Amino acid sequence: MTETTHRPAGQQLLGLTVNGERREVLAESRRTLVDVLRHDLGLTGTHVGCEHGICGACTVLVDGAPARACLMFAAQAEGCEIRTVEALGEGPDGRELGDLQQAFTEHHALQCGFCTPGFLMLAEGLLSERPDATKEEIREVVAANLCRCTGYQTIVEAVDACAARRRAATPTPSEEDSCS
Amino acid sequence: MKPAPFTYHRARDIDDATRLLSRLTDDGGDPRVLAGGQSLVAMMNYRLARPGHLIDIGRLTTLRGLRTGEDGALHIGALTTHHAVETAPDAVLAPGFTVLRDAMRWVGHLPIRTRGTVGGSLAHADATAEWCLLAVLLDAVIVAQGPAGVRHIEAGDFFHGHYTTALGPDELLTEVVFPRPAPRAALTEFAPRHGDFATVSAAVDLDVAGDGHTVRGGRVALGGVAATPVRVPAAEAVLARGGTAGPELASAVARAAAGAVDPPADAEYRRGLARTLVERAVRQAVAR
Ligand SMILES: Cc1cc2nc3c(=O)[nH]c(=O)nc-3n(C[C@H](O)[C@H](O)[C@H](O)COP(=O)(O)OP(=O)(O)OC[C@H]3O[C@@H](n4cnc5c(N)ncnc54)[C@H](O)[C@@H]3O)c2cc1C
Ligand code: FES
Ligand code: FES
């Protein structure tokens, strides 16, 4: 995947931090973050749909905040912490579902699953900034992404359930600072 | 689609950015400033924009943040994100400017607001962008820096038409200044889906007497009825005549606003929206 067969002008060496690992890629400056993740780093968990910010399939966390990976050039992500859906797994080899993913499964918050990585990262970003988010707030935030299968109700319920479970597990609610 | 090739530059500081901009402009290199990318990258992905060079100002942290001047004016750095304004505590965003914070929920969605910037919105100059409407309503001053130095541009002179502004090709928008608090201001809008750009947006800023219910004057601005956001003098004249804050005043102002605008498309529909939204905005401003 990462073999470079030709080097058109404008290629640059980029150092990215993805899911806690330092990665280097040689890419044209026009390469978006989502394309680097998928094509150069083989992290195909992040999906790509519309490429203009509407669908949210490409949502990842940039310094903890949800962002559209199709509306960022990879070069802009140098020096930032990028987290993708691959980071949500748990267990020794990361192959077990994390609590948010578990909640999505339990609540049938996915059908075809195309939108799911985007919704997971959106919800992960929301809950880390606002662990006490109400169901209404969750509903408003998930409207950022498109799902053509579920009708959203189950997604809202899954995020709400995961939030409630996390709150129960942390008795002292802490106000987390958002990344500026 | 994928963007056309370009050369990427990362600006080290403001001078570096303006020097690069002016050199590449002079050389015919068609440079563009890249801030949050939430409009520009989308346009490049569509190849509606094909700049030869991008000057990424994302690392210029001095352009980020809110500051209240000694005269009470609010200075917002160009790179401040919509989300930073949305979550700014009172200590940073004085209570007199709450209208700015409250307006942010209308700007796209959370993942757009975490990256999109105030300066980018103003420079992009969409006719219904919330920041453009707020700037026109509240007489904001836009600060630009270029090879010839610093310019202060009144919002009323800044927007020239769809996506065109008074900014020169070699100028960087560095800051927007909201000169005075607007404790009785409100912005509201209509879009077919929440998070989309508005079809019509309305904002008002009332001057209310100390008794809390006598209106002495105010301003009214509309987006989506012309190529730029506009003030509506006919509606402001109704406010200037004064009166008790209440439903009658709200609907009189709204009628005057709707009668005064001449939207280039869907005129009847947009006039109807203008009327409903101005009335709503006046009520919200009164209730503050
Ligand atoms: C799905 C979606 C929905 C959206 N909905 C809304 C909405 O409802 N309301 C709204 O207002 N916006 C909306 N936006 C746009 C968003 O607000 C953008 O953040 C904003 O329009 C541009 O800011 P930016 O920082 O992303 O600028 P960029 O995209 O980086 O740049 C935009 C333009 O401004 C120029 N520019 C940027 N910064 C400067 C500067 N400091 N000096 C000189 N020139 C500069 C660039 O060269 C470019 O021409 C939406 C975007 C998306 C993708
Ligand atoms: S692919 Fe990025 S928002 Fe659709
Ligand atoms: S599960 Fe199919 S698009 Fe959301």
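Each chain gets a letter, A, B and so on, in the order its sequence line appears, and its residues count up from 1. Here the structure is a predicted model, which means the values were calculated and not measured.
Interatomic distance, CD of A:Glu28 versus CZ of B:Phe6, reported as 9.0 Å (0.5 Å rounding). Rounded to the nearest 0.5 Å, atoms CZ (B:Arg10) and OG (A:Ser29) are 11.5 Å apart. The distance from atom CD1 of A:Ile54 to atom CG of B:Asp196, rounded to the nearest 0.5 Å, is 6.5 Å.
Here the side chains of A:Phe73 and B:Asp56 are not in contact, with every heavy-atom distance at 4.5 Å or above. Contact of the B:Ile112 side chain with the A:Arg68 side chain is registered, since non-hydrogen atoms from C-beta on lie closer than 4.5 Å. You'll find the side chain of B:Leu34 reaches within 4.5 Å of the side chain of A:Gln76, heavy atoms only. Here the side chains of A:Glu140 and B:His194 are in contact, with some heavy-atom distance below 4.5 Å. Side chains of A:Leu122 and B:Pro111 form a contact here, defined as non-hydrogen atoms less than 4.5 Å apart. A 4.5 Å side-chain heavy-atom check between B:Lys2 and A:Arg31 finds every atom pair outside the cut-off. A 4.5 Å side-chain heavy-atom check between B:Asn45 and A:Thr32 finds at least one atom pair inside the cut-off. Residues A:Pro66 and B:Leu110 have side chains in contact (heavy-atom distance under 4.5 Å, counting atoms from C-beta outward).
When all heavy atoms of A:Leu146 and B:Arg193 are compared, the closest pair comes out as CD2-NH1, 4.4 Å. In this structure, B:Arg115 and A:Ala67 approach most closely via the heavy-atom pair CD-CB, 3.6 Å. Closest heavy-atom contact between B:Arg59 and A:Gly79: NH2-N, 4.5 Å.
In this structure, A:Arg148 places its CZ atom where only 12 or fewer heavy-atom neighbours from other residues, nucleotides or ligands lie under 6.0 Å away. The local environment of CZ in B:Arg47 is crowded, with over 12 non-hydrogen atoms from other residues, nucleotides or ligands closer than 6.0 Å.
Ranked by heavy-atom pairs under 4.5 Å with chain B, the list A:Thr59, A:Leu126, A:Asp35, A:Asn145 is led by A:Asp35.
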- Just do the side-chain hydrogen bond (donor to acceptor under 3.5 Å, both in side chains) check on B:Gln38 and A:His52 with the steps written out, would you? CA-CA 9 Å; B:Gln38 301 303 291; A:His52 65 285; over 6 Å; no
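Heavy atoms closer than 4.5 Å to chain A are found nowhere in B:Met43, neither backbone nor side chain.
The main-chain N or O of B:Pro3 is found under 3.5 Å from a side-chain atom of A:Arg30 such that the two form a donor-acceptor pair.
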